[in-house]
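Reviewing the structure listed below.
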Amino acid sequence: MHPKKAYLYLPDECWECVFKFLNNHQDDKHNHYLKSLSLVSKQFLSITSRLRFSVSIGSKSPPFISHLFQRFPNITSLNLKRGFYRDSNAFRGDPNAFLHQISCFSLKLRSLDLSYQNIIPAYGLRSFSQNITTLTSLHCSYMNSLSSSDMLLIADSFPLLEELNLGSITIFPSQDNFIDGIKTLSLALSKLRKINLSSHSYMTDDCLFHLFYNCKFLEEMIICDCFNITNAGIVHALRERPKFKSLHFTNKTDNCSNLFSILSNGPSLSNIKMKYSYQYMWEESVDNSNSLKVVSPQLETLCLVGNIWLSDESIVVFASIFPNLQLLDLSYCNKISQGICEVLRRCGKIKHLNLAHCSKVKLLGMNFEAPKLEVLNLSHTRVDNAELHVISKSCRGLLQLSLQNCYRVSNTGVKHVLENCIQLREINLRDCPKVHSLLADSMILSRPTLKKIIVPTRVNMSSLIFKMYTNSKLS
């Protein structure tokens, strides 16, 4: 056999292992490597088709739909999102007709996304569920209407659901009995692990309790902008699910007392996103006399976006009770200043820190190493060159840095980062008026690890791309 052709005769199983390895860290929705490999030969096309697990239908009337499922026999995820007007991947057809059409195929779909459709396609879902009984994930977010009968249909058609997204749907509670719909869902979907009910204005403490009490496997819930749910109701519900892991809710008090009370009643919570709503700040804090004494080593993700009352004193308290934080999002928290340095000093496991739009934040006090910090967002802050110099020496393991609209940063500060952060892969310099666009050329040469640069002003992109390509080949 000619040595140059020997690779063609490797068994499909070997190539499949190689392709899985190459595509391991890719989002299945994009499959970048698989798309390129499928062009090499018919053999590669056949192998990559078997490794494709999700499909997005983007045309109005997909032709040869049977051929599509024959080519991709292992499809488990189907995307029929309507999306935005100019989105080429948005589904523009009739979801009822399409779901009825594919119900004739023997598919083992586990995930279906119908987000941004006008209404729940009831007829299509009924037909779909009669033959396809494996669905465990259903997304119906950002729709124009929802009724309690839609909830009953979902409960009756998909009893194996583990994930249900009904977030950000237009709700008219005065016209329907949604409370009964929620109670029916909680009883029918016994395997439910994750549910999104954001902006469901009818939701009450009683509804929340039914979900926690009846759904024995519930681990994650998103209830942002459900203003009839009280913090005391959340605490009461959490006591029914001691292994609950993730909660995204709206805070209606101008302090952290409710956060601490929730943590003391949710011993397994590892992910909390507490959105702040200054429009609905009427609720009294629940009892938390011992809350500050509670240490929560299990908490890894804490998002407090827009909690404008947060102070340095508050976040230093976080550092003492959340020692194992890995992601901290404090964007739009305008009172935070030097306290963030103490947080980084005490929480040495933080990998992702978002301080975007924190106008008073100061980082000159970082006279210590933060070796695990990989992603830092300082967009729309007043960070300057001196602070960038300190950051670059303290955070040498940075992979991503965003400096968008940091008008005090110049070439000097960026050069400090490039010199000290030897693993840097991405940097965002958009709208940094003091950073010269010509710096982009030297950045490629001085920091070979860079894969993505968002330049401050107009730059010769063809030259920049060529240098990045040449540099990657040399490395």
Side-chain angles (χ1 to χ4, degrees), residues 198 222 224-225 231 246-263 269 271-281 283 285 288 291-292 296 299-366 370 373-384 387-388 390-391 394-395 400-409 428 431:
S198 292
I222 303 174
C224 285
D225 301 326
N231 288 300
S246 178
L247 180 64
H248 190 176
F249 68 106
T250 301
N251 185 38
K252 294 180 287 185
T253 61
D254 58 351
N255 56 60
C256 292
S257 59
N258 294 312
L259 172 62
F260 298 136
S261 297
I262 286 170
L263 280 167
L269 277 167
N271 183 339
I272 289 184
K273 296 183 180 180
M274 188 174 76
K275 179 182 176 182
Y276 179 66
S277 178
Y278 60 88
Q279 295 177 332
Y280 294 90
M281 197 183 67
E283 187 177 329
S285 302
N288 65 305
S291 59
L292 294 180
S296 301
L299 195 72
E300 296 179 352
T301 300
L302 181 62
C303 298
L304 300 171
V305 178
N307 285 268
I308 55 177
W309 45 266
L310 271 177
S311 63
D312 283 348
E313 292 77 12
S314 300
I315 61 174
V316 170
V317 170
F318 297 162
S320 63
I321 63 177
F322 309 139
N324 294 320
L325 271 183
Q326 295 185 24
L327 186 154
L328 179 61
D329 190 343
L330 299 173
S331 52
Y332 293 92
C333 297
N334 296 323
K335 291 187 178 180
I336 294 172
S337 180
Q338 301 178 33
I340 191 62
C341 294
E342 188 62 25
V343 172
L344 286 171
R345 184 194 302 274
R346 297 188 185 185
C347 301
K349 295 183 180 180
I350 290 182
K351 295 181 179 180
H352 188 138
L353 178 62
N354 189 348
L355 298 172
H357 296 271
C358 293
S359 56
K360 296 181 180 179
V361 71
K362 296 180 180 178
L363 293 163
L364 277 175
M366 284 192 67
L373 189 62
E374 297 177 349
V375 180
L376 179 60
N377 189 343
L378 296 171
S379 298
H380 299 269
T381 64
R382 297 177 182 177
V383 64
D384 57 22
E387 288 175 287
L388 274 186
V390 171
I391 292 168
S394 301
C395 312
Q400 299 176 33
L401 176 64
S402 180
L403 299 170
Q404 181 173 343
N405 206 6
C406 291
Y407 59 89
R408 296 185 177 185
V409 169
N428 183 351
D431 300 325

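Being a predicted model, the structure only gives us computed values, none of them experimental.
- Interatomic distance, H352 NE2 to N377 CG, rounded to the nearest 0.5 Å: 6.5 Å.
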Could you go step by step and tell me if L327 and C303 meet the side-chain contact (heavy atoms from CB on, under 4.5 Å) rule?
CA-CA 8 Å; L327 186 154; C303 298; 3.8 Å; yes
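- For the residue pair S198 and I222, the shortest heavy atom distance occurs at OG-CG2, 3.1 Å.
- Using modelled atom types, one side-chain atom of S394 and one backbone atom of M366 make a donor-acceptor pair closer than 3.5 Å.
- Using a 4.5 Å heavy-atom cutoff, the side chains of R382 and Y407 are in contact.
- Using a distance-only test at 3.5 Å, with no hydrogens or angles considered, no donor-acceptor pair links the side chain of E342 to the main chain of V316.
- With hydrogens and angles ignored, the 3.5 Å screen pairs a side-chain donor or acceptor of D312 with a backbone N or O of G339.
- With rounding to the nearest 0.5 angstrom, the NZ atom of K273 is 11.0 Å from the CG atom of L247.
- Note: E374 CD to Q326 CD = 9.5 Å, rounded to the nearest 0.5 Å.
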Please evaluate residues V383 and L403 with respect to the criterion side-chain contact (heavy atoms from CB on, under 4.5 Å), reporting the C-alpha separation (whole Å), side-chain torsions for both, the decisive distance (0.1 Å), and the verdict. CA-CA 9 Å; V383 64; L403 299 170; 4.3 Å; yes
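- Side-chain contact check for L310 versus F318: some heavy-atom pair is nearer than 4.5 Å.
- The side-chain heavy atoms of V409 and L378, taken from C-beta on, include no pair separated by under 4.5 Å.
- At least one side-chain heavy atom of I272 sits less than 4.5 Å from a side-chain heavy atom of L263.
- In this structure the side chain of I350 reaches within 4.5 angstrom of the side chain of L344, judged on heavy atoms.
- For the pair Y276 and Y332, the minimum side-chain heavy-atom distance is 4.5 Å or more.
- The structure places NZ of K362 at 11.0 Å from SG of C341, a figure rounded to the nearest 0.5 Å.
- Scanning all heavy atoms of the two residues, the minimum distance from I340 to S337 falls at CG2-O, 3.6 Å.
- Residues C224 and T250 form a side-chain contact, since some pair of their non-hydrogen atoms from C-beta on lies under 4.5 Å apart.
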Please test S402 against Q404 for side-chain hydrogen bond (donor to acceptor under 3.5 Å, both in side chains), starting from the C-alpha separation and ending with a verdict.
CA-CA 6 Å; S402 180; Q404 181 173 343; 5.0 Å; no
Practice item. Under the side-chain contact (heavy atoms from CB on, under 4.5 Å) rule, what do V390 and E387 come out as? Steps first, then yes or no, please. Key: CA-CA 5 Å; V390 171; E387 288 175 287; 5.6 Å; no
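- Classification of D225 and K275 as a salt-bridged pair holds, one side-chain N sitting under 4.0 Å from a carboxylate O.
- Considering every non-hydrogen atom in both C347 and F322, the closest pair reads SG-O, 3.5 Å.
- Atoms CG and OG, on L269 and S246 in that order, are 7.5 Å from each other to the nearest 0.5 Å.
- Across all their heavy atoms, N307 and M274 have their closest contact at ND2-O, 2.8 Å.
- Summarising the geometry of L325 relative to T301, their closest heavy-atom pair is CD2-N, 4.1 Å, with the distance given to 0.1 Å.
- Of all non-hydrogen atoms in S379 and C406, the two that sit nearest each other are CA-SG, 4.3 Å.
- Ring geometry, H357 versus H380: the interplanar angle falls under 30°, so the pair is classed parallel (tilted spans 30 to 60°).
- Atom CD1 of I262 is separated from atom OG of S296 by 11.5 Å, given to the nearest 0.5 angstrom.
- With contacts defined as side-chain heavy-atom distances shorter than 4.5 Å, the pair N324/L299 does not qualify.
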